[in-house]
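Hydrogens, waters and symmetry mates play no part in the numbers below; they use all other heavy atoms, side chains included. Nothing fancy with the numbering, it's 1 onward along the sequence. Computed from a predicted structure; not experimentally measured.
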Amino acid sequence: MTNTQTRVSRRAMLRGAAVATLATPALIGKGLAQGQVTWRVQSHWPKASSSFDDSLGVLATMLEERTEGAFKLELFGAGEFAKGPDIYNLVRKGVVPMGTLSPSYILDKAQAAGFLYGIPGTLRENWEPQQAAKNLGIEEMVNEELVPDGVRLMSEKSYPTEMVVSKKIESADDFKGLKIRSSGTMLDYLAAAGAAPQYIPGSELYQSLSSGVVDGAHWGAAIGAQSMSLWEVCKYHYKPALGFTIDAFIMNEEQLQELPADLRTAIIDLMEIRFFQRSAEYMHKEAIALSDGVNNQGVEVVQLPDDVLQLFASASANILEQEKAKGEIAARAYEAYVGLMRDLGYVSGA
């Protein structure tokens with residue numbers, strides 16, 4: 001069986017398991033070994049972030065229900081054990097079995113991580129990064145390097161990335177020098193357009209904005225801005241989206257394999273199901289959040305100026321080439337990613 005056939009077969013089994021899971025809420029029969037499993041989960045989301053409850057909280061509730069209480073998750077907000085990029089090593093060492101992170105935190109761990117995070121200024125609709133991650137193999141390419149390192153990644157949701165800023169941007173000159181909280185390849189993207197981006201953990205973001213350490217930020221888009229209270233200090237919400245990105249669950253591979261087989265199947269299948277459910281749900285809630293921001297919180301939705309968008313377009317092409325050059329796995333991820341863009345008519349070429 002070829003690698004392609006193996007991947008297709010695996011996806012078919014996962015789809016079949018997903019259907020069975022949806023039809024039968026309890027995956028776990030009465031014959032399981034006695035005792036419960038409780039995993040501690042270190043989130044990169046602060047407890048104030050909507051994703052702490054809507055992503056991680058819902059996963060924990062559904063997992064407990066589907067395993068009839070045999071598998072529970074104990075949830076920790078950003079910084080309780082570790083925050084940001086430190087979460088990967090915490091999980092890799094087995095200090096906690098599971099965490100959440102942005103693929104932008106692991107660009108040095110996996111060549112394809114930048115493509116999973118999303119290349120700014122490329123994809124235009126939220127189903128497209130889902131297709132790239134799951135059906136075109138980007139997630140599997142990331143795991144080619146993470147699993148041997150002791151960690152398995154599962155995509156959690158895809159969503160737009162949009163800036164909120166305390167100052168109005170009317171030209172590229174206005175954008176120059178703006179201090180924007182960012183991460184991953186988005187740092188290069190914003191810098192190429194003249195901004196002065198810097199990484200700040202989510203748990204420190206509101207204070208950094210309110211004290212003027214930074215002038216703006218992206219934390220997802222409207223939902224993130226609302227749940228993190230960013231609109232209190234940044235009234236200008238900018239479109240179009242800078243890009244579409246993916247958040248992820250990570251698990252210690254050894255502890256995952258040590259689970260009873262049905263508990264291991266339960267959590268993996270549930271993550272597969274929740275990825276698509278949560279991604280669709282997120283876009284619905286995006287519309288609700290932005291409408292509320294405009295109508296009730298004094299938010300102004302503003303389009304980025306054309307001269308800024310032109311700078312972004314050049315930066316995007318450069319970032320694609322930089323990511324491709326990271327190695328053989330990165331080159332494969334590039335072909336999958338750019339192949340999708342060609343199919344959609346976003347780029348030309350054979």
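The closest side-chain heavy-atom distance from Ser50 to Trp45 is not below 4.5 Å. Side-chain contact check for Pro305 versus Ile169: some heavy-atom pair is nearer than 4.5 Å.
In this structure, the ring of Tyr105 has its center no less than 6.0 angstrom from the ring center of Tyr88.
Ion pairing between a basic and an acidic side chain is recognised when a charged N comes within 4.0 Å of a carboxylate O; Glu156 and Arg274 show no such pairing. Using a cut-off of 4.0 Å between Lys/Arg side-chain N and Asp/Glu carboxylate O, Glu328 and Arg332 are scored as salt-bridged. Ion pairing of Arg92 with Glu253 is absent here, as no side-chain N (NZ or NE/NH1/NH2) approaches a carboxylate O to less than 4.0 Å. Electrostatic pairing of Glu145 and Lys109 does not count as a salt bridge here, judged by no charged N lying under 4.0 Å from a carboxylate O. Comment: Arg264 does not engage Glu258 in a salt bridge, judged by the lack of any side-chain N to carboxylate O separation of less than 4.0 angstrom. At a threshold of 4.0 Å, the pair Arg66-Asp269 does not count as salt-bridged, since none of the basic side-chain nitrogens sits closer than that to a carboxylate oxygen.
Pairing each heavy atom of Tyr199 with each of Gly84, the nearest pair is OH-CA, 3.6 Å. Across Ala315 and Ala192, no two heavy atoms sit closer than the pair CB-CB, 3.3 Å. Listed here is the closest heavy atom pair of Gln111 and Glu323: O-OE1, 4.3 Å.
Annotation: cation-pi geometry satisfied between Lys157 and Tyr159 (NZ/CZ under 6.0 angstrom from ring centroid, within 45° of ring axis).
Although no hydrogens or angles enter the test, the distance criterion places no donor-acceptor pair under 3.5 Å between the side chain of Glu272 and the main chain of Ile268. Tyr337 places no side-chain N or O within donor-acceptor distance of the main-chain N or O of Ile138, the cut-off being under 3.5 Å. The backbone N or O of Lys72 sits nowhere less than 3.5 Å from a side-chain atom of Glu64 that would complete a donor-acceptor pair.
Checked by atom type, the side-chain pair Asp215/Ser166 shows no donor-acceptor distance below 3.5 Å. No side-chain donor-acceptor contact under 3.5 Å links Asn318 and Ser314. Between the side chains of Tyr346 and Glu128, at least one donor N or O lies within less than 3.5 Å of an accepting N or O. For the residue pair Ser155 / Glu139, a side-chain donor-acceptor distance below 3.5 Å is found, with atom types taken as modelled.
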Is there a salt bridge (charged side-chain N to carboxylate O under 4.0 Å, His left out) between Glu140 and Lys134 once you walk through the steps?
-> CA-CA 8 Å; Glu140 291 180 5; Lys134 293 293 188 179; over 6 Å; no

Check against salt bridge (charged side-chain N to carboxylate O under 4.0 Å, His left out), Lys47 and Asp53 = CA-CA 8 Å; Lys47 288 183 176 178; Asp53 291 325; over 6 Å; no

Verdict with reasoning, Arg181 to Glu204, per salt bridge (charged side-chain N to carboxylate O under 4.0 Å, His left out) = CA-CA 11 Å; Arg181 181 270 171 198; Glu204 302 170 15; over 6 Å; no

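Within 6.0 Å of the CD atom in Glu254, the count of heavy atoms belonging to other residues, nucleotides or ligands does not exceed 12.
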Sequence neighbours left out, cut at 3.5 Å: what donor-acceptor pairs do the side chains of residues 217-225 make with other protein atoms?
| unit_1 | atom_1 | unit_2 | atom_2 | d |
| --- | --- | --- | --- | --- |
| His218 | NE2 | Ser182 | OG | 2.7 |

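Judged as a ring-ring contact (aromatic ring centres under 6.0 Å, His included), the pairs with a partner in residues 223-257 (not counting sequence neighbours) are, in order, Trp231-His237.
Hydrophobic clustering (ILVMFWY, side-chain heavy atoms < 4.5 Å, transitive): Met62 and Leu256 are in one cluster.
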